[in-house]
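First the structure, in the form of structure tokens, and then the observations on it.
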Amino acid sequence: MLVRDTIANAVAAALEQASRDGAISVDSVPDIEIERPNNSEHGDFATNLPLRLARSARANPLQLAQLIADRIELSSEIDSVAPAAPGFINFKLSESWLQQQVETVRDAGDSFGASNVGDGRKVMVEFVSVNPTGPVHVGHTRGAVLGSALANTLAAAGYDVTREYYINDAGSQMEAFYRSVWTRYRQALGRDAEMPDNGYQGDYIADIASEIIDANGPGYLDQSDATAVREIGDVAREKMVTLIRDDLDAIGVTFDNWFSERWLFQSPDTPDSDYDRAMARLREDGHLAERSGALWFISTALGDERDNVVVRSSGEPTYFASDIAYHYNKFAQREFDRVIDIWGADHQGHVPRMKAAVQALGMEPDDLTVLISQMVTLKRGDETVRASKRTGDFVTLRELVDEVGTDACRYFFLARAPSTQMEFDLELATRESSENPVYYVQYAHARNASILNLAHERGIDYSRGDVSLLIHPNELELIRTMLRLPELVVQVAENLEPHHLPHYATELATAFHHFYENCRVISTNAEDNDLTLARLKLVSAAQVAFRRTLSLMGMSAPDRMDRD
RNA sequence: GUCCCAGUAGCUCAGUGGACAGAGCGGCUGCCUUCUAAGCAGCUGGCCGCGGGUUCGAAUCCUGCCUGGGACGCCA
């Protein structure tokens with residue numbers, strides 16, 4: 001159990017006792033919130049319960065604080081409980097308990113920070129899901145990093161996580177992509193061919209075409225237009241998906257499953273596809289209506305602003321129809337308890353209708369969470385870079401990683417709340433300098449590793465180190481900071497806000513740098529031997545915290561960082 | 001026009017009901033004979049977009065406005 005919960009329970013018990021004693025009479029007890037005070041002079045934890053109770057108890061909040069504080073039973077974790085104006089109760093952790101946590105963290109190792117709030121529930125995080133019509137670009141990278149860090153954290157919080165990429169490989173944009181490749185293919189072989197109006201202009205189309213020529217030759221020229229587009233399209237799509245997978249891999253983003261949109265329309269085991277079943281269910285419950293030759297989903301009945309077409313008058317299902325079938329598959333077929341979709345800002349308008357569709361399918365709409373990852377505006381100095389896949393003028397994930405590096409890139413994207421637009425100054429980001437906070441964190445880990453290496457070289461066995469010798473303020477501060485990780489994991493998993501991770505990482509690094517500066521670990525002085533052993537234990541515990549934090553963010557934890 | 005997101009230090013951003021508003025970068029000073037100076041210490045710097053409201057208490061909640069971005073298709 002987290003200390004925070006222990007304190008909350010103790011406060012609740014104290015309030016109950018005060019009520020029995022007749023010292024306090026309240027109509028209703030609000031939720032007891034235990035927070036971390038901004039100012040460390042106020043202790044490690046605090047509650048504002050007396051302030052919130054004052055009205056219904058018709059009493060002075062400071063007096064209430066005193067009455068409750070008097071009845072709080074001290075456990076081994078808590079050193080002191082103190083009422084404070086205007087009506088807080090402050091808690092201070094005991095030094096001996098903090099010291100003991102060094103052992104606990106070391107014992108926990110890679111499971112440090114794990115919790116079980118997820119209780120093994122099946123959750124899918126579906127993210128990136130870029131149409132395979134072009135490479136992943138900078139804007140998608142943000143969602144990719146967000147999704148992977150979130151999935152890591154949910155797994156640490158005890159969820160059974162599946163990371164999925166939805167490949168939109170049906171539909172008209174893919175058709176345009178196929179035709180674009182076909183056009184470049186013919187042009188490369190000296191034929192007259194005109195790019196379709198909605199064609200993709202990027203150089204990568206021509207690259208794919210020439211790769212196909214190298215591998216498969218000019219044979220497609222002899223086929224009918226329709227056959228050639230289909231066959232060349234199949235090859236081009238595979239190439240594109242592979243390229244996307246490799247690019248994402250370069251930034252440490254991997255998936256458990258790549259789900260093809262086309263699977264929704266074909267079912268190997270049963271006569272009905274997911275699409276058939278989802279539509280049948282909607283139809284049964286009266287959510288579909290035919291108007292002017294098309295089939296509509298009546299989402300206005302469920303609070304959406306307008307109805308949406310699911311089957312065009314041409315008989316072709318829309319993208320939205322696929323999405324309905326896909327979510328039917330996620331919930332009804334694969335039985336996920338919870339689904340988190342990460343979409344780009346350009347899809348934000350689709351959230352209400354997707355929620356409505358989930359509800360219409362008979363699922364609980366709250367089991368679907370859609371996170372919107374806002375736009376990334378690119379700049380080179382003062383100049384704004386317009387990103388458009390159609391015109392081919394965009395910065396790819398690959399280019400970004402090559403220039404900035406995986407770790408810096410992940411840190412940079414992760415550190416911002418996804419709901420806010422961000423500016424990415426390529427000039428600044430690509431400048432090699434110490435301006436990047438990622439170095440600050442990794443350097444702390446490298447210093448940490450360096451100490452342990454030296455201890456190892458000198459054959460120092462610190463397994464018998466006595467942690468009760470850790471009384472320096474910087475030592476205790478480091479321990480306190482380490483201990484926030486488990487709370488953070490729970491918080492990130494509950495609020496789906498991974499951007500707290502990098503900020504925590506920075507604070508952990510600060511605590512370590514302070515410790516490093518003021519507490520010499522491996523002493524040359526023989527009489528300091530006991531302290532050396534104790535501090536080595538602390539350093540190894542801190543290493544656990546660094547590794548866990550960095551790995552949740554998907555960043556590397558280098559043992560050395562050498563500057564030329 | 002309707003809807004969504006944002007506006008906090010020179011810059012990039014944390015902080016969503018509490019106790020004097022934070023970090024990094026930038027700028028100015030200092031600190032390397034012992035575990036990496038990609039570090040540390042100090043200074044500089046903010047009517048938290050503007051106006052009302054709710055509250056014992058508002059950067060945080062409500063409301064109006066201003067500014068910037070996005071979405072509103074039988075495209076995906």
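Being a predicted model, the structure only gives us computed values, none of them experimental.
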message: In whole Å, I'd like the distance from the CZ atom of A:R520 to the P atom of B:C35.
response: 5 Å
Identified side chain to side chain contact (heavy atoms under 4.5 Å, CB included) partner of A:Y326 from the options A:Y275, A:F259, A:W263: A:F259
- prompt: Given atom CE of A:M375 and atom P of B:G69, what is their separation to the nearest angstrom?
  reply: 10 Å
message: Taking donor-acceptor contacts at under 3.5 Å, does the side chain of A:Q173 reach the base of B:C75?
response: yes
- prompt: In the structure shown, which nucleotide is the Watson-Crick or G-U wobble counterpart of B:C3, with both distances under 3.5 Å?
  reply: B:G70
Would you tabulate the nitrogen or oxygen pairs shorter than 3.5 Å linking the protein to nucleotides 17-19 of chain B?
from: B:G18; atom 1: N7; to: A:N48; atom 2: ND2; distance (Å): 2.8
from: B:A19; atom 1: OP2; to: A:N38; atom 2: ND2; distance (Å): 3.2
from: B:A19; atom 1: N6; to: A:N90; atom 2: OD1; distance (Å): 3.1
from: B:A19; atom 1: N1; to: A:N90; atom 2: OD1; distance (Å): 3.0
from: B:A19; atom 1: N1; to: A:N90; atom 2: ND2; distance (Å): 3.3

- request: Check every strand shown and say whether A:H347 touches a base, only sugar-phosphate, or nothing at a heavy-atom separation below 4.0 Å.
  value: base
Between the protein and nucleotides 41-50 of chain B, are there any N/O to N/O pairs under 3.5 Å, and if so, what are the atom names and distances?
from: B:A41; atom 1: OP1; to: A:H514; atom 2: NE2; distance (Å): 2.8

- prompt: A:R306 or A:A446: which one's nearest nucleotide on RNA chain B is closer to the 5' end?
  reply: A:A446
- request: Write down the partner of B:G10 under the Watson-Crick or G-U wobble criteria, each distance required to be under 3.5 Å.
  value: B:C25
Anti/syn call for B:C32, syn if |chi| within 90°: syn
message: When both hydrogen-bonding distances must be under 3.5 Å and the geometry is Watson-Crick or G-U wobble, what is B:G52 paired with, if anything?
response: B:C62
task: Answer with base, sugar-phosphate or nothing: what part of the nucleic acid does A:S313 contact at a heavy-atom distance below 4.0 Å?
output: base
Within 45° cone of A:F412 ring axis and under 6.0 Å: A:R416 NZ or CZ: yes
- prompt: Can you tell me the Watson-Crick or wobble partner of B:G39, both distances under 3.5 angstrom?
  reply: B:C31
Approximate separation, where rounding is to 0.5 Å, of A:L538 CG and A:H472 NE2: 11.5 Å
message: I want to confirm an ordering. Mapping A:A345 and A:E497 to their closest nucleotides on RNA chain B, which one lands closer to the 5' end?
response: A:E497
field: Pairs flagged by side-chain hydrogen bond (donor to acceptor under 3.5 Å, both in side chains) wherever residues 343-354 of chain A is involved - sequence neighbours left out
entry: A:N308-A:R353
- request: Decide yes or no, distance alone: a donor-acceptor N/O pair under 3.5 angstrom between the base of B:C74 and the side-chain of A:S314.
  value: no
